[in-house]
Amino acid sequence: MMPDELSPKLRFPEFRSHAPWEAELGGKLFDQISDKSHNSDLPVLAITQEHGAIPRKLIDYHVSVSTSSLAGYKVVKPDDFIISLRSFQGGIEVSRYTGICSPAYVILRSSHPNVVEFFAHFFKSPEFIRLLNVNVEGLRDGKMISYKQFSDIPIPLPSRAEQKKVADCIEAIKDVISAENQKLIALKDHKAGLMQRLFPPLAEGAISLNISESATFKHWIETSIGSHILEVQEKSEIQDQYPVLTSSRGGLVRQDEYFEESRLSKRNNIGFNILPPDCITYRSRSDDDFYFFNENTLGITGIVSQYYPVFKISGGNTKFFLFLLERYARYIGVHGVGNAQRVLSLNALRSVSLPIPDSETQDYVAECLVSAERQIQVQSRKIDDLECHKLGLVQQLFPRQAFS
């Protein structure tokens with residue numbers, strides 16, 4: 001059904017006196033392209049939600065494809081749109097490259113001289129993705145949104161001048177977000193550099209404590225970390241005694257916030273490990289030999305699965321020990337045991353010897369790195385705020401009626 005009248009909530013002054021936007025069915029605006037006229041000499045494109053359609057080599061994406069299979073691949077040109085298997089989750093992707101992609105994808109090419117960036121933002125908007133799911137109800141992993149289904153979706157179509165104005169506005173805030181992300185990368189690089197300078201080097205699988213080369217680490221002594229670990233062995237005694245927490249690579253979070261529909265939180269959690277404030281936990285199982293240690297700074301007592309040991313630091317600076325465990329994560333990882341999934345028990349962690357300095361040095365190192373981490377957190381929140389602003393802007397720049 002075509003919307004009767006399309007008027008965005010936020011419209012630029014020069015267009016406010018203009019008529020409402022028109023709408024056109026997707027099949028009228030975009031043709032389906034199945035061009036296979038190539039000699040397999042074009043770059044193979046990966047269709048991603050993060051980068052759109054991009055040459056595989058640019059994102060270190062390695063999948064072997066035979067020459068005979070490449071012959072059946074479709075040609076993609078700049079400004080083409082691609083419907084992928086994940087479009088019901090992340091929208092329709094745009095290509096900025098000439099290349100070829102799997103014949104499984106649906107390639108769309110504008111049949112009219114419109115502003116590509118306008119549709120690029122529209123097709124990635126949360127509202128359009130929800131609209132896709134309404135129109136293709138029942139489609140999930142392994143099933144493609146067809147060109148026929150896309151063809152029946154009404155798409156807002158303002159004048160080219162207004163298309164460009166909307167696109168330029170969203171692109172401007174995207175540029176700001178990109179610049180702020182570069183600052184975030186620089187701050188993370190700064191912290192990584194500090195870690196390398198503040199801790200003894202790790203080379204060829206061993207920690208170097210050759211104080212004859214430098215007096216920098218003369219007060220550091222290789223010590224079993226177990227002498228500073230005090231296990232917390234309290235268990236929950238009733239169902240949902242405390243909130244269920246998840247220790248992830250990104251930090252410690254409430255499980256009901258980490259998962260939209262957490263199945264684990266609905267299971268029996270009697271006997272879970274209690275995680276008091278300021279104590280540390282980690283997931284003892286890993287697929288890549290990396291273990292991530294998180295302190296409970298949420299201000300609440302929580303519970304974690306039995307696979308998450310809980311301990312606190314005795315006779316040392318807790319922040320320092322967290323950074324110590326982060327710095328030597330690769331070295332610690334080799335102490336895990338198992339094949340497909342490696343396990344680092346608390347006893348195995350206790351046996352690891354790491355360089356530990358006097359308390360004054362611990363405080364200094366912790367203060368330096370906490371300061372660097374705080375800058376990263378402030379910058380991350382700034383980017384999150386900008387992303388929310390961009391999302392709100394997109395919602396107001398496209399007519400609400402287009403999604404109903």
Side-chain angles (χ1 to χ4, degrees), residues 191-192 194-203 205-211 216-235 245 247-249 251-252 273-286 289-299 301-337 342-374:
K191 181 196 168 187
L194 278 177
M195 297 275 280
Q196 290 179 344
R197 293 195 296 273
L198 291 170
F199 289 95
L202 178 66
I207 297 168
S208 174
L209 270 176
N210 189 346
I211 61 174
T216 304
F217 305 113
K218 65 181 180 180
H219 298 300
W220 295 63
I221 300 174
E222 209 164 326
T223 309
S224 170
I225 194 173
S227 61
H228 291 277
I229 287 179
L230 184 62
E231 185 177 8
V232 176
Q233 297 181 314
E234 293 179 88
K235 304 286 186 180
L245 305 179
S247 183
S248 71
R249 297 186 177 215
L252 187 71
N273 293 332
I274 292 178
L275 179 62
D278 305 322
C279 290
I280 298 168
T281 189
Y282 68 100
R283 185 175 185 269
S284 61
R285 300 183 175 190
S286 172
D289 284 347
F290 278 88
Y291 302 88
F292 297 85
F293 299 85
N294 292 309
E295 181 185 9
N296 182 5
T297 59
L298 299 177
T301 296
I303 54 176
V304 292
S305 164
Q306 298 95 326
Y307 297 117
Y308 294 73
V310 177
F311 63 93
K312 57 185 176 180
I313 297 301
S314 173
N317 185 308
T318 298
K319 296 295 184 187
F320 167 82
F321 277 88
L322 282 167
F323 290 122
L324 179 79
L325 294 167
E326 179 183 348
R327 173 67 180 92
Y328 298 117
R330 180 162 60 90
Y331 176 73
I332 293 169
V334 301
H335 292 78
V337 297
R342 308 270 289 177
V343 177
L344 180 73
S345 68
L346 190 59
N347 284 334
L349 177 63
R350 281 194 178 109
S351 69
V352 178
S353 291
L354 296 174
I356 300 174
D358 56 80
S359 59
E360 184 179 351
T361 303
Q362 288 182 34
D363 293 342
Y364 172 75
V365 170
E367 184 180 351
C368 288
L369 291 171
V370 164
S371 176
E373 211 163 57
R374 190 175 294 119

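The shown structure was predicted, so the numbers you read here are calculated from the model rather than taken from an experiment. Nothing fancy with the numbering, it's 1 onward along the sequence.
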Would you please name every residue forming a side chain to side chain contact (heavy atoms under 4.5 Å, CB included) with [X], sequence neighbours left out?
X	answer
Leu230	Lys312, Ser314
Thr301	Tyr242, Ile274, Pro277
Phe290	Asp288, Phe292, Ala329, Arg330
Thr223	Ile221, Ser227, Ile356

For this session: State which residue, out of Leu194, Leu198, Asn317, fulfils the side-chain contact (heavy atoms from CB on, under 4.5 Å) condition with Val365.
Result: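 So the option named by the test is Leu198.
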Side chain to side chain donor-acceptor pair (under 3.5 Å) partners for [X], two or more places apart:
X	answer
Glu231	Gln233
Asp278	none
Glu360	none
Ser247	Asn294

Exercise. If every non-hydrogen atom of Asn296 is compared with every non-hydrogen atom of Gly302, which pair is closest and at what distance?
Worked result: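 Closest approach of Asn296 to Gly302, heavy atoms only: ND2-N, 4.4 Å.
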Problem set entry | Nearest atoms (heavy-atom pairs only) where Phe320 meets Ala366 |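 For Phe320 versus Ala366, the nearest heavy atoms are N-CB, 3.8 Å.
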Taking salt bridge (charged side-chain N to carboxylate O under 4.0 Å, His left out) as the test, write out the residues that go with [X], two or more places apart.
X	value
Arg342	Asp289
Glu326	Lys191
Lys319	Glu295
Glu234	none

Problem set entry | NE2-OG1 distance between His228 and Thr318, expressed to the nearest 0.5 angstrom |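 One finds 11.5 Å between NE2 of His228 and OG1 of Thr318.
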